[in-house]
Amino acid sequence: MLGDELPEFMSKMVFSLSTRLLNITVASLCKARQLQRAETALVDAIRLGVFPDVVTYNTLVDGYCRFVSLDTGYSVVSRMCQAGIRPNAVTFNSLMAGATRRHLLSRALDLFEEMLQYGISPDLWSYNNLMHCLFKLGRPDEAYRVFHDIIVNDLSPCGATCNIMINGLCKNGYSSNALMLFRNLQRYGFVPGVVTYNVLISGLCKARRLKAASRLLQELAESGQAPNAATYTTIMKSFFRFKKFEEGLEIFALMRSKGFTFDGFAYCTVTGALVKRGRLEEANELMDEMVRDGIQLDVVSYNTKINLRCKEGKFEDAYQLLDELEKGGLECDVYTHSIIVDGLCKADDMEGALRHLKYMNSLGFKSTLVALNCIINGLGKAGDIDRALMLFESMETRDDFTYASLVHNLCKARRYRHASKILLLWLNSGLKVLRSCQRAVLAGLHDSGFKRDAKKLKLKIWKARMLRC
DNA sequence: CTAGGGTTAG
């Protein structure tokens with residue numbers, strides 16, 4: 001009978017509307033990083049007989065992956081399974097994005113496979129994530145193939161697809177190709193938004209192509225769109241990178257005058273620059289202001305603060321922040337530990353630095369090139385160059401700083417013949433060799449009576465340079 | 001619900 005069915009139909013409708021309401025609530029709380037309150041909303045809703053659906057859980061998965069950790073994201077997935085709701089493509093996409101953001105790239109690739117095994121067909125976002133991950137792995141060719149497949153299979157790429165392509169090309173050293181892609185997309189009717197401009201401007205800045213970057217900034221303005229906080233942060237950062245600190249701070253002031261509310265990005269950028277310049281007082285003020293603004297600290301903000309404490313020599317405070325970070329449910333990353341290793345080196349506590357390196361390894365973090373470089377440099381400075389050499393032998397990747405630090409310290413110890421060995425390794429590594437290091441070794445050999453060795457080295461340098469062209 | 005900008009050595 002109609003009269004009997006109507007109430008049930010209506011109650012279903014009410015509940016489905018309520019679930020929508022719940023989802024909107026959870027989404028806005030997650031966006032504001034208020035995960036605890038989102039959980040409370042969920043509990044309250046269930047108590048009222050309103051049940052979360054796949055969207056509710058997906059929102060939470062994304063929130064946890066974004067602001068807490070990948071593992072907490074996974075635990076939401078297991079909760080949703082327990083509630084009898086099957087994960088869908090979006091669930092996997094959020095996990096993949098979370099893994100990619102945290103540099104857990106093989107995990108992200110596994111998730112893609114897992115999704116296929118689950119019988120869930122990947123959507124455009126899954127491919128977007130896959131591309132992002134491949135770019136981060138330094139496999140631009142494969143990422144490009146995915147992009148190609150998206151186009152060929154008519155999956156119609158969205159703005160994010162283009163952004164990921166442009167960003168990935170830039171990050172892999174193909175900023176010219178990125179610019180070309182940008183122009184091609186425009187030719188085919190793609191109207192770039194602020195984010196796309198930001199991505200390209202950032203890539204060009206990093207490639208030191210400031211002219212091209214400012215041209216795009218101009219174009220952005222001409223397109224009638226206003227630059228946003230990200231645009232300004234990007235420009236500010238590139239000023240700091242190129243040692244134009246005052247100009248960078250001017251942008252910061254400009255942002256203030258334009259009434260931008262500062263987020264963690266802007267605060268951390270400026271604080272990082274101030275710390276680098278040794279302006280610790282101002283850095284402290286800024287971090288306090290950030291907390292006063294009610295910005296919830298995330299891993300990067302904690303890292304920035306920990307760096308500040310280390311540079312102040314307040315290691316007790318730094319470790320306390322580390323505690324606080326973990327108690328708040330966040331997880332440290334490689335930056336956190338590299339910062340501490342660097343801090344200890346700078347404070348001439350080499351034993352402490354080596355101990356912390358071991359500790360971070362025991363936690364499953366691989367030693368970063370930066371951390372190892374700090375230790376190599378620190379050991380050399382402390383006169384313990386043989387230990388530095390041993391570490392150097394064990395390193396998988398080295399860069400010009402690694403070599404420069406060793407050569408410099410070997411020269412300082414007047415061990416020129418050993419220095420020339422390292423210099424040759426450097427030359428054959430394909431990295432750019434600092435002329436000043438080369439001169440120091442040659443002059444050292446010459447002045448300490450190894451004239452023949454100096455001559456031989458000169459010839460070898462010449463040969464290596466010939467071969468490179 | 002899903003892209004961009006921030007933190008480490010020189």
Seminar exercise, completed: A correct 5'-to-3' footprint of nucleotides 2-7 of chain B, with B, S and - meaning base, sugar-phosphate only and no protein heavy atom under 4.0 Å, is BBBBBB
Exercise. Rounded to whole angstroms, how far apart are CG on A:N377 and C1' on B:dG10?
Worked result: 8 Å
Problem set entry | Inter- and intrachain pairs under salt bridge (charged side-chain N to carboxylate O under 4.0 Å, His left out), touching residues 21-33 of chain A, at least two apart | A:R33-A:D298
For this session: Please name all residues satisfying salt bridge (charged side-chain N to carboxylate O under 4.0 Å, His left out) with A:R208, sequence neighbours left out, ordered by chain then number.
Result: none
Seminar exercise, completed: By salt bridge (charged side-chain N to carboxylate O under 4.0 Å, His left out), A:R279 pairs with (sequence neighbours left out) A:E246, A:E282
Exercise. Would one find a side-chain N or O of A:K432 under 4.0 angstrom from OP1 or OP2 of B:dG10?
Worked result: no
Exercise. A:Y403 has an atom OH; how far is it from atom C1' of B:dG10, in whole Å?
Worked result: 17 Å
Exercise. Could you give the NE2-to-P distance, from A:H408 to B:dA9, as a whole number of Å?
Worked result: 17 Å
Exercise. Rounding to a whole Å, what distance do you find between A:L357:CG and B:dT8:C1'?
Worked result: 13 Å
Problem set entry | Nucleotide B:dA9, atom P - distance to NE2 of A:H337 in whole Å | 17 Å
For this session: Measure from CG on A:N409 to C1' on B:dG10 and round the result to the nearest Å.
Result: 13 Å
Seminar exercise, completed: Those residues at least two apart in sequence (or on a different chain) that pass salt bridge (charged side-chain N to carboxylate O under 4.0 Å, His left out) with A:R398 are none
For this session: Taking salt bridge (charged side-chain N to carboxylate O under 4.0 Å, His left out) as the test, write out the residues that go with A:E219, two or more places apart.
Result: A:R183
Exercise. Using a cut-off of 4.0 Å on non-hydrogen atoms, how would the nucleic acid contact of A:K346 be classed: base, sugar-phosphate, or nothing?
Worked result: sugar-phosphate
For this session: Report which part of the nucleic acid A:N373 touches: base, sugar-phosphate, or nothing (heavy-atom distance under 4.0 Å, all strands).
Result: base
For this session: Flag the pair A:F239 / A:F245 as yes when their ring centroid distance falls below 6.0 Å, and as no otherwise.
Result: no
